[in-house]
2 protein chains.
Amino acid sequence: MNIGEIAKRSGVARSTVSYALSGKRPVSETTRRRIQAVIDELGYQPNASAKALKEGRTRTIGLVIPPAGRRLTDMQLGFVASVVDAAARADLDVLLSPSGGEHDRSFERMVGGRRVDGVILMEIRLEDDRVTRLRQSGLPFVGIGRTDRPDEMSWVDLDYETLISRCVHHLADLGHRRVALVNRAGDLLAAGYGPAHRARAGFRRAVAERGIEGVEACCADDARAGVSCVGQLLADHPGLTAIATVNEAAMPGMYRAIEGAGLAVPADFSIAGVAGRHWAENLHPPLTAADVPADELGAHAVDLLVRCISDPAAHHRLLLAPPISLRGTTGPARPRP
Amino acid sequence: MNIGEIAKRSGVARSTVSYALSGKRPVSETTRRRIQAVIDELGYQPNASAKALKEGRTRTIGLVIPPAGRRLTDMQLGFVASVVDAAARADLDVLLSPSGGEHDRSFERMVGGRRVDGVILMEIRLEDDRVTRLRQSGLPFVGIGRTDRPDEMSWVDLDYETLISRCVHHLADLGHRRVALVNRAGDLLAAGYGPAHRARAGFRRAVAERGIEGVEACCADDARAGVSCVGQLLADHPGLTAIATVNEAAMPGMYRAIEGAGLAVPADFSIAGVAGRHWAENLHPPLTAADVPADELGAHAVDLLVRCISDPAAHHRLLLAPPISLRGTTGPARPRP
DNA sequence: TTGTAGGCGTTATCAA
DNA sequence: TTGATAACGCCTACAA
């Protein structure tokens, strides 16, 4: 079914059908109705490829997600869901590309084949080939996260450095003198993943500012790694009384390790972190954390991208530092039993 | 950058460039090389819209996911990831549509605008408008899940009826005489969501077969609902000694409620369920469950869809009933303290 | 108020 | 071995 068929059956020219649909030229009420009747009867809808070819835009945005090998965290899932949702509200479709570091066919198809009008890039590294590729392609794009040259692109990001720093200050205020950072996985840190680096930087800064002792550990993104990582920390550092963490996925395991060591939270041991609100609330006990507004982040990213598309020269940035919500996993420091 | 430009700079006709790229017609080695050099230099890649228009196919599949309002379960996330991954392996792109029951613009764009060559439909209801719409459109599609007329479409599904029945039999074998089913959310059941209905059917059948007492409860898909639901069950039914469940997301809460009632798992109380392997393993203690092979399901769906696309007349079906993995949350029945 | 015609970038048929 | 040309379905400038 195409516009020519509709035109023929309505007894008008193809252009008249087109104008009746777009409203860009007045069409008499009678012909408009006749055309509409035929369209309704046959269930016609313009072919998206032809339209995209003619108009030079696809009304589609690309969303580049981490490849499926490593499973997405709850927070990342929140981003994806909110991007898809915000795009749908703006009548934009979303094309997904699971692309990691190297050249990736689906990414290349999306960018090189001009399948999309713009791209949202998740899980950006401090140095990122995909950013380079997108810049040279001229396609508008927005990062959820930023590289080490943040002024050269548009992005929305969480201020992990500030957030972790606030956690440490909060713990120091409660009298904790020996605090550990449970960071993301070691390979992410090694690969130059921004949040892991910036969390470390914020941790070091705050620890120095307060003159307390800081211990750093990397931990894979799952509950079992959390158990062993925190188990090790507790064993190695008897004076440790608190943890600051950005590793959402490992938290259930961290709780378990603390409990397993015979410590009560927050009476004997404190935890503060950065996590999705839903995640923090559903832990037991609910986690004192800076609540990552995943929904907002995705919506903001779509919003910025739409602006980048209409004005490709401009860059837009948004750095969020949500406040810490006290939920009861932090308390006054007390020497460990 | 388009094929005409490449042709001009290579000093050949547009068709020659096209053939050099597709290999559908012999091109002399020298011209081929000359063309390739220009292509490499300019980084040319055919425009996807033009190609789709000409070829009549987009090399894209649509994936219809539940709208973002209700957040996806771990298992659903696994489906999405595996579909995207399997599609990427087959050099297919994935267009996402968050569409629930009613008419949805993004769904309509995808189907009516022929933006995709086929569709994978998640979270199908026993009666589902989207299935009706897809059938009339003639677009090949595969359901992850099936309607109450399963012979009229292609699908992959889990045999929830059999799986829950096996859980009940396993519990009965251990001597449990009073067993509860913790089903998915009540509104899902009311909306005619297949897995919830089939889980109930399997539960009732097995309970009848074993002549034991069954209690049914619906529970929203999150941990806190699990706490209150199981808390209520334990309070209302003192003789209850085991639970069978398909509500993955509520399980952490269910554990918590059981623990809160002073019961140990599996010494005092048993649980068996259906859950993603990753999920079951990461619970504490690890859950005895039929492991949903989410990765396989997604890959199978893509595979079936590809076959449906090449032969639109045929229907393909796949019903999976993975065995129960014993992990230590079920034990001999013992009267509750 | 409506019709005609050209072109978006490709692929494929027909000729050379 | 290669080139000219038509066609995919749509939108829109121009003409009537």
Side-chain angles (χ1 to χ4, degrees), chain A residues 1-36 38-39 42-60 93 109-117 137-139, chain B residues 1-36 38-39 42-60 93 109-117 137-139:
Chain A
M1 189 48 43
N2 59 33
I3 200 172
E5 188 68 17
I6 303 295
K8 196 187 298 174
R9 302 212 192 192
S10 315
V12 297
R14 301 204 313 270
S15 57
T16 305
V17 177
S18 178
Y19 285 120
L21 241 30
S22 71
K24 293 191 179 171
R25 182 168 96 171
V27 173
S28 80
E29 187 54 24
T30 44
T31 46
R32 206 198 58 70
R33 268 222 265 278
R34 199 166 64 241
I35 291 170
Q36 192 59 51
V38 176
I39 286 177
L42 302 191
Y44 165 75
Q45 211 170 324
N47 178 297
S49 299
K51 196 166 186 159
L53 175 58
K54 175 63 185 163
E55 295 190 334
R57 63 174 172 180
T58 60
R59 293 176 188 283
T60 304
D93 289 315
R109 278 198 302 270
M110 198 169 83
V111 177
R114 314 233 66 126
R115 301 203 52 145
V116 298
D117 299 336
S137 82
L139 209 55
Chain B
M1 190 47 46
N2 59 32
I3 200 172
E5 188 68 17
I6 302 294
K8 195 187 298 174
R9 303 213 191 191
S10 314
V12 298
R14 300 203 311 268
S15 55
T16 304
V17 176
S18 177
Y19 285 119
L21 241 32
S22 72
K24 293 189 180 173
R25 183 168 96 171
V27 172
S28 80
E29 188 55 24
T30 43
T31 45
R32 205 197 57 71
R33 268 220 266 276
R34 198 167 65 240
I35 292 170
Q36 191 58 54
V38 176
I39 286 177
L42 302 189
Y44 164 75
Q45 212 171 324
N47 178 295
S49 299
K51 196 166 186 158
L53 174 58
K54 177 62 185 160
E55 296 190 329
R57 63 175 171 180
T58 59
R59 294 178 188 279
T60 304
D93 290 315
R109 278 197 303 269
M110 197 169 84
V111 177
R114 316 236 57 129
R115 301 203 53 146
V116 298
D117 299 336
S137 81
L139 209 55

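Below, chains carry the letters A, B, ... as their sequence lines are ordered, and counting in each starts from 1.
Applying the side chain to side chain donor-acceptor pair (under 3.5 Å) test to every pair with at least one member in residues 42-60 of chain B, sequence neighbours left out, gives these pairs: A:R115-B:T60, B:T58-B:D117.
Looking at residues two or more places apart in sequence or on another chain, you find a salt bridge (Lys or Arg N to Asp or Glu O under 4.0 Å) between A:R32 and A:E29. In this structure, the side chain to side chain donor-acceptor pair (under 3.5 Å) partners of B:T31, at least two apart in sequence or on a different chain, are B:S28. Remark: B:S22 engages B:Y19, B:K24 in a side chain to side chain contact (heavy atoms under 4.5 Å, CB included) (not counting sequence neighbours).
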What donor-acceptor contacts under 3.5 angstrom involve side-chain atoms of residues 7-14 of chain A, with partners at least two apart or in another chain?
from, atom 1, to, atom 2, distance (Å)
A:R9, NE, A:E5, OE2, 3.1
A:R9, NH2, A:E5, OE2, 3.2
A:S10, OG, A:I6, O, 2.6

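Only A:G11, A:V12, A:A13, A:R14, A:S15, listed by number, bring a heavy atom of residues 4-15 of chain A to less than 4.0 angstrom from any atom of DNA chain C. Near DNA chain D, meaning a heavy atom under 4.0 Å from it, residues 46-59 of chain B has B:L53, B:K54 in order of number. Scanning residues 17-24 of chain B for heavy-atom distances under 4.0 Å to DNA chain C yields B:S18, B:Y19, B:K24.
Scanning both residues, A:L139 and A:V116, for their nearest heavy atoms gives CD1-O, 3.7 Å. Contact between A:L53 and B:L53 at its shortest, heavy atoms only, is CD2-CD2, 3.4 Å.
Read 5' to 3', the first and last nucleotides of DNA chain D with an atom closer than 4.0 Å to a heavy atom of chain A are D:dG9 to D:dC14. In 5' to 3' order, the nucleotides of DNA chain C bounding all contacts with chain B (an atom under 4.0 Å from a heavy atom) are C:dG9 to C:dC14.
Comparing the axis of the opening five pairs of the helix from C:dT1-D:dA16 to C:dA16-D:dT1 with that of the closing five pairs yields an angle of 50°, rounded to 10°.
Summarising the local packing, CZ of B:R33 is surrounded by 12 or fewer heavy atoms from other residues, nucleotides or ligands at distances under 6.0 Å.
Rounding to the nearest 0.5 Å places CD1 of A:I39 at 4.5 Å from CG of A:L21.
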